[in-house]
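For clarity, every value in this text was computed on a predicted model and none was experimentally measured.
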Amino acid sequence: MSEITLGVRKLLPQIRELIVSARATVARNINTFQVLMNYEIGRLIVEHEQAGAKRARYGKALLKELAASLKEEFGRGVSEDNLSNMRRFYLDYRKDEKAISETLSRKSL
């Protein structure tokens, strides 16, 4: 067996482990930031709606128009249903905002 082949056999598992570990870390961080982004989008929508007098009807129209504009720029993932889910996510967890932020910050480290 050549010296190069022996070197590759020794080096390959270390490089594989590094790649696998880095990919797992990136995936965790992406998931964490996706959750934070969804929560913040929900917060922005709710805070904007609460400033308006005709919340119910206006809110539905707001989500539809936002979705159309965002979909043009960012493609999928920002549908009216998704924006509605982000809004609901914020409403469901806003009382636990500090716990969410601390938990997500810890996981992203």
Side-chain angles (χ1 to χ4, degrees):
M1 204 175 289
S2 76
E3 190 176 322
I4 292 174
T5 303
L6 288 173
V8 167
R9 285 188 174 185
K10 183 178 179 182
L11 193 55
L12 193 57
Q14 294 171 329
I15 292 174
R16 278 189 179 131
E17 177 58 33
L18 184 59
I19 292 170
V20 167
S21 176
R23 286 181 176 174
T25 300
V26 167
R28 263 192 316 278
N29 286 333
I30 287 172
N31 289 338
T32 298
F33 288 110
Q34 183 75 42
V35 169
L36 286 172
M37 180 191 72
N38 290 348
Y39 182 84
E40 284 300 306
I41 289 171
R43 182 185 63 77
L44 289 170
I45 291 168
V46 168
E47 288 177 359
H48 182 82
E49 286 176 333
Q50 289 176 349
K54 300 178 181 174
R55 267 199 329 233
R57 204 175 80 202
Y58 172 72
K60 181 87 171 137
L62 173 71
L63 292 181
K64 187 174 186 168
E65 194 169 325
L66 269 175
S69 295
L70 291 169
K71 191 171 185 177
E72 250 180 62
E73 187 171 349
F74 297 105
R76 36 183 299 207
V78 287
S79 68
E80 186 177 347
D81 287 342
N82 283 348
L83 293 174
S84 179
N85 288 336
M86 291 173 198
R87 181 185 175 281
R88 188 173 26 250
F89 175 57
Y90 170 75
L91 289 171
D92 288 348
Y93 290 97
R94 66 181 164 186
K95 292 177 184 164
D96 297 325
E97 184 170 357
K98 187 174 180 184
I100 289 173
S101 295
E102 288 174 358
T103 300
L104 291 173
S105 294
R106 240 185 337 268
K107 286 184 179 179
S108 70
L109 298 176

Nearest 0.5 Å, what's the [atom1]-[atom2] distance between [X] and [Y]?
{"X": "Asp81", "Y": "Arg88", "atom1": "CG", "atom2": "CZ", "answer": "8.5 Å"}
{"X": "Leu63", "Y": "Glu80", "atom1": "CG", "atom2": "CD", "answer": "6.0 Å"}
{"X": "Leu18", "Y": "Arg23", "atom1": "CG", "atom2": "CZ", "answer": "10.5 Å"}

Under 4.5 Å between side-chain heavy atoms, counting indirect links through other Ile/Leu/Val/Met/Phe/Trp/Tyr residues: same cluster for [X] and [Y] or not?
{"X": "Ile4", "Y": "Ile15", "answer": "no"}
{"X": "Leu70", "Y": "Met37", "answer": "yes"}
{"X": "Phe74", "Y": "Leu83", "answer": "yes"}

- prompt: For Leu6, does the CG atom have more than 12 heavy-atom neighbours from other residues, nucleotides or ligands under 6.0 Å away?
  reply: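 Count over threshold, so yes.
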query: Can a donor-acceptor pair be found between the side chains of Arg28 and Asn31 at a distance below 3.5 Å?
result: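 Looking only at side-chain atoms, Asn31 and Arg28 do not form any donor-acceptor pair under 3.5 Å.
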Taking all atoms of both residues into account, what is the closest heavy-atom pair of [X] and [Y], and its distance?
{"X": "Ser79", "Y": "Ala67", "result": "C-CB, 3.6 Å"}
{"X": "Val8", "Y": "Pro13", "result": "O-CD, 4.4 Å"}
{"X": "Thr5", "Y": "Ser2", "result": "OG1-OG, 2.9 Å"}
{"X": "Lys71", "Y": "Val78", "result": "N-CG2, 3.6 Å"}

message: Once salt bridge (Lys or Arg N to Asp or Glu O under 4.0 Å) is applied, do any residues pair with Arg43, and if so which ones, sequence neighbours excluded?
response: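 If we apply the salt bridge (Lys or Arg N to Asp or Glu O under 4.0 Å) test to Arg43, skipping adjacent residues, the hits are Glu40, Glu47.
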task: Would you indicate whether the side-chain heavy atoms of Leu91 and Arg94 approach each other to under 4.5 Å?
output: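 The answer is yes, as the side chains (C-beta and beyond) meet within the 4.5 Å cut-off.
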- request: Report yes if the side chains of Phe89 and Ile41 come closer than 4.5 Å at any heavy-atom pair, otherwise no.
  value: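 The answer is no, as the side chains (C-beta and beyond) never meet within the 4.5 Å cut-off.
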task: For Asn38 and Met86, indicate whether the former's side chain and the latter's backbone hold a donor-acceptor pair under 3.5 Å.
output: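 No: the side chain of Asn38 does not pair with the backbone of Met86.
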